[in-house]
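Below, read A as the first sequence line, B as the second, and so on, with proteins coming before strands; counting in each chain starts at 1.
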Amino acid sequence: MLTVKTELLEALRLALEDLLPGAGAKAAFESPKVAAHGDLATTAAMQLAKPLKLNPRQLAEKLCAALQLTAPYQVWVEALDIAGPGFINIKLKPAAKQQVVREVLAQTARFGMQAGHGKQMLVEFVSANPTGPLHVGHGRQAALGDAICNLFSTQGWKVHREFYYNDAGVQIQTLTHSTQLRAKGFKPGDDCWPTDPEDPASKAFYNGDYIQDIANDFLAKKTVKADDREFTASGDVEDLESIRQFAVAYLRNEQDKDLQAFNLKFDEYYLESSLYTSGRVEAAVGKLIANGKTYEQDGALWLKSTDYGDDKDRVMRKKDGTYTYFVPDVAYHIAKWERGYQKVINIQGTDHHGTIARVRAGLQAADVGIPQGYPDYVLHTMVRVVKGGEEVKISKRAGSYVTLRDLIEWTSKDAVRFFLLSRKPDTEYIFDVDLAVAKNNDNPVYYVQYAHARICSVLAAWGGNAAALANVDLAALDSPQAQALMLLLAKYPDMLSAAAEGFAPHDVTFYLRELAACYHSYYDAERILVDDEAVKLARLALVAATAQVLHNGLAVLGVSAPQKM
RNA sequence: CUGCCCGUAGCUCAAUUGGAUAGAGCACCAGCCUUCUAAGCUGGGGGUUACAGGUUCGAUCCCUGUCGGGCAGGCCA
């Protein structure tokens, strides 16, 4: 089917080129929404009508006549017709659609993937500072980031997953300070520990109970090991440096458990502090000054970010000599570029959208060859959680919030991933815990997984060798339901490319839902294990191919494809 | 007040990036299991795409304005 499509497309391209040199670039097929409009359609005639000064319908007729003389059209096309203002609708012969079954069964897990082109890219996501467990928002980021990485892998990229965090900033001081007080036996609400949110002093404290756990383990001189670090507590409550390092390692380890429960693995953890110790921050600032993109005012150093479309100029170095937060960010992105990543995607909450303009401005001002619009950003909105019909409040200050692990334990890794990916990133999402555990067709995860399990069950009942299905005669696959299913299977590769390009894993969830629905309809319409051997094998090949594509699509989302349910 | 994002069926969301009669699920109504998993299928009702203009063969999509919601706007991160 895919080779069929490329053959047809090439013939169309040549025909267009013939009508108007350069017009070959307009060659493209759409998938009509309505079956009555055929299997493939092209709008080329309408697009060329103006430059050629021809009526689009007349042009369509010329184009059809030319196409009908070509070999691919004679072999694969059943009918060509012109509709509406000048659409050309193509109806394929069943044999053309049957090709996809063979292709899927031959390529198995690689079906839908592009050949590797060797280029590498970096995706930065989650990037939670080690000041508490991962919450639902991080979960959305984890699901999105991992799926986007998988999507680009299918398009031939070598993808690097990176987690960026700060182990030395103001928030870490707050963490250290709070842990020390807990270790000394104080708790929120004591005289030395203000908790009133109205009191600015309360910002220097974290109130969550998990701080007490850290303090207890610190006093017990425990050793903690995280993915990227290991540390043994001194147990000395006056040893702030030891408390800091222990607390950071402790919370990194907690986050690792969260990520593990989510089946997510990072290639690298990058420390903000390293940007200072390696001199990258100083180097970046020096570059900006040398390029004349800065000025001194009121005792501070400013970046002329308005030269690059920002609303106003931004302070880089404060009166006290320290840098504002976006300066290390600029240094970090220069480092990404110098590490060889010409394509970089950052996944962040929409509350950080203000930083995009100034980071990009800083990168342009540094003038190190970084193109405009680098890096790409995917912004996502907040997630709200509803359980038992009531919203579960998320409040970091009060120390009570829904952690990613809570959510996974209440439901499942598969449900959390699928749910968090089933919406466009920029739409606010309400996660309904009761829906995620529901075992009916309200629940899209089960609906899709069920289709896969159902197929596996049929294959098991048959009991033959699945590998032998790759070369069976498919001529029997000619019912409307079978043709619809084959057509949908054939769309999978294009769907993947579009989803990657648009940073849109939700496309995959919608496709899988549609594929599952199409299979369920087919299953209802045609019995698979019939007596006629040829028909049976053809149908088995079709459903085996369907299972394979369901499996491949779910894998992109990081969701399992169970054999039994 | 300013900037960015969003506004689609009663609810939650899509719409092949400017294409044909705007589609799914839930909810509601009516059907389908002595046969491969009914966690399923088939059919039905439900819309002035927030509103008003503009651009063109053609607009949910692009431009302008209005209304409504979210997030930002610090020498905090």
Identify whether the distance between the nearest side-chain nitrogen and carboxylate oxygen of Glu162(A) and Lys336(A) falls below 4.0 Å. no
Determine the contact category for Gln348(A): base if any of its heavy atoms lies under 4.0 Å from a base atom, sugar-phosphate if only primed atoms, P, OP1 or OP2 are that close, otherwise nothing. nothing
Separation of Asp524(A) atom CG from rC41(B) atom C1', in whole Å? 4 Å
Rounded distance in Å between the P positions of rG3(B) and rG46(B): 42 Å
Anti or syn - rU17(B), cut at 90° from 0: syn
Charged tip of Arg358(A) within 45° of Tyr325(A) ring normal and under 6.0 Å: no
With RNA chain B as reference, determine whether His37(A) or Gly354(A) sits nearer its 5' end, using the nearest nucleotide of each. His37(A)
Short side-chain N/O contact from His506(A) to OP1 or OP2 of rA15(B), under 4.0 Å: yes
Any side-chain N or O of Tyr523(A) under 4.0 Å from OP1/OP2 of rC33(B)? no
Distance between the P atoms of rC6(B) and rC61(B), in whole angstroms? 13 Å
Look at all strands and tell whether Asp298(A) reaches a base, only sugar-phosphate, or nothing, counting heavy atoms closer than 4.0 Å. base
Base, sugar-phosphate alone, or nothing: which one does Glu526(A) contact when heavy atoms must sit under 4.0 Å apart? base
Picking from rG19(B), rC75(B), rU42(B), which would you name as closest to the side chain of Lys318(A)? rC75(B)
Using the purine O4'-C1'-N9-C4 or pyrimidine O4'-C1'-N1-C2 torsion, is rC62(B) syn (within 90° of 0) or anti? anti
Against Asp39(A), only a single residue in Gln483(A), Lys97(A), Lys5(A) fulfils side-chain hydrogen bond (donor to acceptor under 3.5 Å, both in side chains); can you say which? Lys97(A)
What integer distance in Å separates Tyr522(A):OH from rC36(B):P? 16 Å
Give a yes or no on whether a salt bridge exists between Glu296(A) and Arg317(A), defined as a side-chain N under 4.0 angstrom from a carboxylate O. yes
Could you tell me how far apart Tyr308(A) (OH) and rG3(B) (P) are, to the nearest whole angstrom? 23 Å
In which ranges does RNA chain B form stems of 3 or more consecutive Watson-Crick or G-U pairs, distances under 3.5 Å? B:1-7 with B:67-73, B:10-13 with B:23-26, B:28-32 with B:40-44, B:50-54 with B:62-66
Rounded to whole Å, please give me the gap between CG in Asp311(A) and P in rC4(B). 8 Å
Is any side-chain N or O of Thr350(A) closer than 4.0 Å to OP1 or OP2 of rC71(B)? no
For the residue pair Ser412(A) and Arg417(A), confirm or rule out a side-chain donor-acceptor distance under 3.5 Å. no
Quote, to the nearest angstrom, the P distance that separates rA50(B) from rU34(B). 48 Å
Name the orientation class of the two ring planes belonging to His520(A) and Tyr447(A) (parallel below 30°, tilted from 30 to 60°, perpendicular beyond 60°). perpendicular
Hey, does the side-chain of Tyr325(A) have a donor or acceptor N/O within less than 3.5 Å of a partner on the base of rA77(B)? yes
Are Tyr323(A) and Glu282(A) linked by a side-chain donor-acceptor pair shorter than 3.5 Å? yes
When rounded to the nearest Å, what value does the distance between P atoms of rU42(B) and rC63(B) take? 40 Å
Can you tell which of rC41(B), rA15(B), rA39(B) lies closest to the side chain of Lys424(A)? rA15(B)
Winner on side-chain proximity to Thr324(A), out of rG19(B), rU37(B), rA77(B), is rA77(B)
SG/Cys456(A) to CG/Leu550(A) distance, rounded to the nearest 0.5 angstrom? 9.5 Å
Provide, to the nearest angstrom, the distance between the CD1 atom belonging to Ile82(A) and the C1' atom belonging to rA20(B). 15 Å
With a 4.0 Å cut-off on heavy atoms, is Gln563(A) in touch with a base, just the backbone sugar-phosphate, or nothing at all? base
Distance check needed: rA77(B) C1' versus Tyr332(A) OH, whole Å only. 16 Å
What nucleotide, of rA39(B), rA38(B), rU35(B), holds the atom closest to the side chain of Arg527(A)? rU35(B)
Can you tell me how the ring of Phe510(A) sits relative to the ring of His506(A), calling it parallel under 30°, perpendicular over 60° and tilted otherwise? perpendicular
Between the side chains of Arg360(A) and Tyr377(A), does any donor sit under 3.5 Å from an acceptor? no
Calculate the interatomic distance between Leu487(A) atom CG and rU16(B) atom C1'; express it in whole Å. 13 Å
Nucleotide nearest Lys312(A) (side chain, heavy atoms from C-beta), chosen from rG40(B), rG74(B), rA77(B): rG74(B)
Side chain of His520(A): nearest nucleotide among rC5(B), rG40(B), rG3(B)? rG40(B)
Picking from rG19(B), rA38(B), rC71(B), the nucleotide nearest the side-chain atoms of His353(A) would be rC71(B)
Is it true that atom CG of Asp320(A) has more than 12 heavy atoms of other residues, nucleotides or ligands lying nearer than 6.0 Å? yes
The side chain of Thr43(A) is closest to which nucleotide in this list: rC36(B), rG19(B), rC6(B)? rG19(B)
When rounded to the nearest Å, what value does the distance between P atoms of rU8(B) and rA14(B) take? 10 Å
Using the C1' atoms only, state how far rG47(B) lies from rC13(B), rounded to an integer number of Å. 15 Å
According to the interplanar angle, ranging from 0 to 90°, do the rings of Phe111(A) and Tyr492(A) count as parallel (below 30°), tilted (30 to 60°) or perpendicular (above 60°)? parallel
Rounded to the nearest Å, what distance is computed from the CZ atom of residue Phe510(A) to the P atom of nucleotide rG23(B)? 15 Å
When we call it a touch if two heavy atoms are under 4.0 Å apart, what does Ala460(A) touch: a base, just sugar-phosphate, or nothing? nothing
Pairwise P distance for rA59(B) and rG18(B), with rounding to whole Å: 13 Å
With heavy atoms under 4.0 Å as the rule, sort Ala461(A) into base, sugar-phosphate or nothing. sugar-phosphate
For rA14(B), does the base pair up with any side-chain atom of Asp507(A) as donor and acceptor (N or O, under 3.5 Å, distance only)? no
Suppose you measure atom P in rA52(B) against the same atom in rA15(B); what distance do you get, rounded to whole Å? 25 Å
Compare side-chain N and O positions of Ser521(A) against OP1 and OP2 of rG40(B) and report whether any pair is under 4.0 Å apart. no
Which nucleotide in the set rG40(B), rC75(B), rC71(B) lies at the smallest distance from any side-chain heavy atom of Ala300(A)? rC75(B)
Hey, which of these two, Arg317(A) or Ile455(A), hits RNA chain B nearer its 5' end, going by closest nucleotide? Ile455(A)
Nearest to side-chain heavy atoms of Asn89(A), which nucleotide of rG40(B), rG25(B), rA20(B): rA20(B)
Should Lys33(A) be listed as having a side-chain N or O under 4.0 Å from OP1 or OP2 of rA20(B)? yes
Residue-phosphate contact under 4.0 Å: Arg314(A) side-chain N/O, rG74(B) OP1/OP2: no
